[in-house]
Every structure is written in structure tokens, then in C-alpha cells.
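This report concerns only the one structure given below.
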Number of protein chains: 2
Amino acid sequence: MVKISDVARHAGVSPSTVSYVLSGKRSISDQTRRRVMDSIRALGYRPHAGARALASNRSNVIALVVPLRSGIHVPIVMQMVIAAVTSARTYDHDVLLLTQDEGIGGLERVAGSSLVDAIIVMDVEMHDVRLPVLRSLDRPSVLIGFPAEPSGLTCIDWDFEAAGAACAEYLADLGHREIALIGAPPAVYERGTGFAERTKAGFQRAAAERGVIAVVRPCDPDHAREAADDLLRDHPGLTGIAVHNEPAVEPLLSAFRATGRRIPDDLSFIAIAPDDLAERLDLTSISIPAEELGRQAVALLMEKLDGHQPPGATLLPSRLVVRSSTPAA
Amino acid sequence: MVKISDVARHAGVSPSTVSYVLSGKRSISDQTRRRVMDSIRALGYRPHAGARALASNRSNVIALVVPLRSGIHVPIVMQMVIAAVTSARTYDHDVLLLTQDEGIGGLERVAGSSLVDAIIVMDVEMHDVRLPVLRSLDRPSVLIGFPAEPSGLTCIDWDFEAAGAACAEYLADLGHREIALIGAPPAVYERGTGFAERTKAGFQRAAAERGVIAVVRPCDPDHAREAADDLLRDHPGLTGIAVHNEPAVEPLLSAFRATGRRIPDDLSFIAIAPDDLAERLDLTSISIPAEELGRQAVALLMEKLDGHQPPGATLLPSRLVVRSSTPAA
DNA sequence: GGCACTCGTCGAAGCGCTTCGACAGTTTTT
DNA sequence: AAAAACTGTCGAAGCGCTTCGACGAGTGCC
């Protein structure tokens, strides 16, 4: 293994100079810098991560806690994970993966042993048991999702309230007088995951403001047919549908078509879903930018690692993209 | 921060004794061990990961390189990742996530800086550019997938050859005389990813042995209808279908039903797919155990880290589960 | 011309841990 | 009963890096 002293000898400087060249924490003459860099390349030097972590009290690794639970769309999680890893690399950090089932102990372990400098927690619940731990840890963290009591924490999420409202407004603007939001499976609501509630709230608020009738119904992807039938039976005037449940989108489309409704002629259909899905099915949609969320979470974390104080709450806007599941306006 | 010397003082022993209690590398009297453990708990001591890595030359972290490419089923990747992380934890290791797009440089970086002790590479191609690097690295690695030239490397994968053969044999045994294998999108074959070829080979070999006619066709999930129509037109006697392409399974089912064929009455349908998908659709299937693969890959890696020499090639058997997309035998 | 700075570099200390050799005491072997 | 082999513990060295204070040389200012 080639170490810093080898580089120093090769370049004819002291080890500390090599260190300063690498860290940029003191000024170095151009000439010296160049010589050192050449030696580094010539010898193929790579700083030992452990030694660096020990001496500098920074591991340059962040932890990412991924959810395991049902009802969350795996590809989206994966997109965020990939985005987080990619983004972390641009800040010269690596990502250590933690699963949610390691729970509180896992957080304490990686933080306590200085394995990681900071933590990103995905899929935060309203009353997440990890919140007190996160608050007590001596390392910064960023939560993806908003708990009921976010004070003292840095949180980021999509603006589901706005997304729900945008659906209702758009459908109302198209002239629909009775609209429905088909949401996540019942289990998600029961868990008190914030996003489902917030979408619903936005949808209902905007509908009320526009004076249109709004109904909201949870939906299991395996029972899409039932959901469609129920809705159309109980609300014969229903002509606008918003769906916030990726895996249920396709089954729901089939289900509504099976009732004889044509989309967009008889029914306007809008999905809150990632772009790739909406594009594939050619659906008008509110996009939820998964990569963007992963990237921003890392950016916030880096802010904190740099000693700054980023905003406690960040809501990522989504945008409405009109495709062919709603009539041209 | 509480360090090993604090624990030592508290327990009335030397730091080295505490270290030996923790590592078990020398015998320690029960009495001393107990006193030390009590002090550790009392003080909430956690060894500093960096210091440990520096002194022991072991980081207790493994790298996992995840694929990013199209044509691979994301939920399966995620399952393997989760299984790998969970499994690594049982060996007291953590997992650092690397994306494929960091390429060779990423491998050299994490290995060269001693950030990780070993590497798992997912989604290995036939002529993967990473193979020479992996061979030259001073750290052990395990590949998920088989390259064309696996010598000197440890590889593990599902036994697709056997899975393909099992499909053909099962369909033949049901009495079908003309059978088809619908495979991955064309791009996957073009890439020379081994698994697609191996499934095909097994399917064709077994079909030949049983004396039944076998056709093989790639399929893009978005063109399932086309695939089904083509096959039935060109092979009117076709009555047995095997599918090795998760995202295409549902579209294909719809497509075949749309031609008027009933499953299983007119057509036997068997999928090479993860259990959850097959269960949901109630399909006879060859299961591909994703978790098992992640777990075994870690197990192999740990063998190598322990200085053992595990087999160079491991093929994970899959099993056939009869559900209702094929007639009862 | 002298004083106060800044610039570029060095040496040494120290980050917290593991591990090696030593050694006293005990047990086993011959 | 002496020699050999264990057992349990300690002290010290060292893992490879960062960082602090020091310092000589150059620069600007009055």
C-alpha cells in the first residue's frame, strides 16, 4: 500500500504538505501542488479511508435508511436511492445502506461508531419512533416525509397537498362537477402516513373552493374493479377521476373501461405518478420527481454538514403534464 | 466520546484487555469479561469505526454495486439489495452502495482506499469490463451473474438453464407438442446478458429431448400484443407458453386472452418469475428466489473474507409451483 | 530600514484502536 | 520435582492520516 509519506518522499515535501494539497486547507504554491499531484498519480496513491476518518473525525459516508414496507412503490424508492448515491458522490461522499428493520439500534450504531457523518431517513411516519433518536444524535439528519411534529428536524417531501389540489382544480376547470380521488390502499391511511392524508386534504379543499363534489376512496391494486364499480354506482354523476396509487393505475384504467366508459370522452383521468408510468400509459399526470427528492435530500444534508442551517421544511413542487387521458382544454 | 481507555479505566483493566474481550482473539477470564462488558454498557461505549479499520485493516463494510439499466426488474433488484444488507448485518458487516455508473473507477476507489473489505457486483455481463479490475483488486469479490470467462472469480446466479428446461419438460409432460418461450426484450439479448441465453438453451435442449417443437421469441412489454399474435399466427399448433420476462407477464396474459384463448383450457401458461407476481396472478411458475441470491452472495463473500475458497460457481435451484394457469396434471 | 503581515512549508502530536511480545501464575507432562 | 505448556493480562508500538503551532522568506507600509 502506498501511503502519504511515500508520496511526500517522492515529491520531496513533507507529509503534511501532501495533506494540504489534497484538502486545500492551506495555501500551497502552484509548483508544489503540481509536483505532489504528479507523485500521487505516479504512485497511484489513495488515502486510507479509516485513517482519514480517525484523524479528521469525518468518514465522508452518509447513511440512507430505506423502507421495507408494503404499499410503497419499489421503483420510486429505488430511483430515490440511486439519485441519493449519485448525488452524494458529487459531494465526495459515499452511501451506507440501512434497512428500516434495524430500527433505532441501527441509527445509534452507525452514528455512535462514527461510521457515518449524517443520516437520511426515508418514509418517515407521522409518529415515527425514530424521531427522538434522530434529535438526540450528534449527527445531522434529513427526513424524507413529514412527521406530525417536525420541530428541530429537517424534512423534505413532495408537496402532496398542492398535488391533490392541482388535480381537483384541473378537473374542475375542465368542467367536471363530481370528481373522485382514488388513493393508497387502506393500510397506508391506517398507518397515518402523512402523504396520503395531505393529498386528500388538498383535493378536498380545492374541490370545495371550486364548488364541486369530491369523493375520496382508498384502493387496493388487487381490488381496482370493485373500487371503480362502487364509485360509479354511488356517484352516477362522476366524470373526473384522480388516482394517487401507482400500482393501481393500470388496473383502474381497465376497470373503468370495462364499465363502458371511454377515456377521456366520458371520464377524465389524471394520475399522481412518476413520469415514466404516465408517459407509458399516455396519462395526464402530476409528476412526482423521485430523483429530485433524493438529490435535494442529499443537498440539505451537505448544507448541514457544512454547518449551515437549511430550512426545516422543504416541499418539492410537482407539475401537471397534460396527456391524452383528459380532453384538451 | 467514550473510548476504549475510558472503558478500561472504568473496569480496572488495560485497553488491550478490553479489545480482546470485544474481539475474542485471546482468552479472557469470565470475571474480567463480565466486568468489561458491564463497563461497556454503563458507559455506552462504541468502538470508533475508523480507528478500528485503521488498526485492524478491516472496515467491516462491503460494497454492493447495483445495476441501473433498463430491462431489469427493479423490485427484484431491491429484494436482493435488502437481502444482502440484512444478511451482511448478521455477519457484523455493513453495506456501501455503489452505482454501476461509477464504473471501474468506483471499484478502484472503494477498494484502494480500504473503504470496503470486499465487493459484490450485481448484473454481470458476458464480457463485463469490470472483470479484469475485479481480478486485479486485492479484495475478494462475488459476482451475481455469470460472465463468459469466470475463471478466477466467484460467481453465483439462478440456474436459468434448469429453469428453462423445467418449463419445457413440464409443458411436454402436460402433453403439449408445440411450445414457446417468450423472453426478455431484444435489448437484453443483444447485450449478451447470460441469463436470457441460458434459459433459452435449457428450454430448447429439454424440448428437443422430449421431441416437442420449441420456438423462442424476445418480447418488449409494450409490444406484448404483437408477440402473442405473431406466435399464434406463425405456430397455429402452439398450446404451451413459457414466459421469462416479469413486466411482460400481465400484458401477455391479456394479449392471449384477447385472441380468444382460455387459460389453462386452450393454453398452458407458465412464468419464470418471482413468487409474489405468480401468486398474485395465480400462475404456475418457476420461482426465482431473489432474497436467497442476495443472501448467498454475502455468504460466499464472508467465506472468502475468512480466507476460505468457496466454489467458483454456484447455481441456485428454482422450483416449480403449480397454480391455475396450467391444467392439473 | 524596521515592523508587521502574509505565504508556503515543516515537524510533531495525536486521532482510537489492534496486536505482538512479555511475563507471572497455574496446570500438565515426563 | 523439574520442564514444558497454558492462561490471562499488560505495555508499547504502530496503523495512516490531519492539524496545530512554528518559522523562514518575501511583501507592503510608514
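Proteins come first, then strands; the chains are lettered A, B, ... in the order of their sequence lines, and each starts at number 1.
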Problem set entry | Terminal contacting nucleotides, 5' and 3', DNA chain D versus chain B (heavy atom, 4.0 Å) |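 First and last nucleotides in contact are D/dT7 to D/dG16.
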
Pair [X] + [Y], salt bridge at N-O below 4.0 Å:
| X | Y | value |
| --- | --- | --- |
| A/Asp38 | A/Arg35 | no |
| B/Arg109 | B/Glu102 | yes |
| B/Lys3 | B/Asp6 | no |
| A/Arg33 | A/Asp30 | yes |

Problem set entry | Whether B/Glu149 side chain and B/Ser151 backbone form a donor-acceptor pair below 3.5 Å |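 Between the backbone of B/Ser151 and the side chain of B/Glu149 there is a qualifying donor-acceptor contact (under 3.5 Å).
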
Problem set entry | Close approaches to DNA chain C from residues 22-48 of chain A, in residue order (heavy atom, under 4.0 Å) |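 A/Arg26, A/Ser27, A/Ile28, A/Ser29, A/Thr32 - these, ordered by number, are the residues of the stretch whose heavy atoms sit under 4.0 Å from the strand.
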
Exercise. Do the side chains of B/Trp158 and B/Leu293 get nearer than 4.5 Å, heavy atoms only?
Worked result: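 Sidechains of B/Trp158 and B/Leu293: in contact.
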
Exercise. What is the nucleic acid contact for B/Ser19, judged by heavy atoms within less than 4.0 Å: base, sugar-phosphate only, or nothing?
Worked result: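 Here B/Ser19 touches the bases of the nucleic acid.
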
For this session: Apply side chain to side chain contact (heavy atoms under 4.5 Å, CB included) to B/Val81 and B/Val66, showing your working.
Result: CA-CA 8 Å; B/Val81 169; B/Val66 298; 3.7 Å; yes

Exercise. Of A/Ile104, A/Val142, A/Leu107, which is the lone residue that meets side-chain contact (heavy atoms from CB on, under 4.5 Å) with A/Leu134?
Worked result: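 Going through A/Ile104, A/Val142, A/Leu107 one by one, the side-chain contact (heavy atoms from CB on, under 4.5 Å) with A/Leu134 is satisfied by A/Leu107 alone.
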
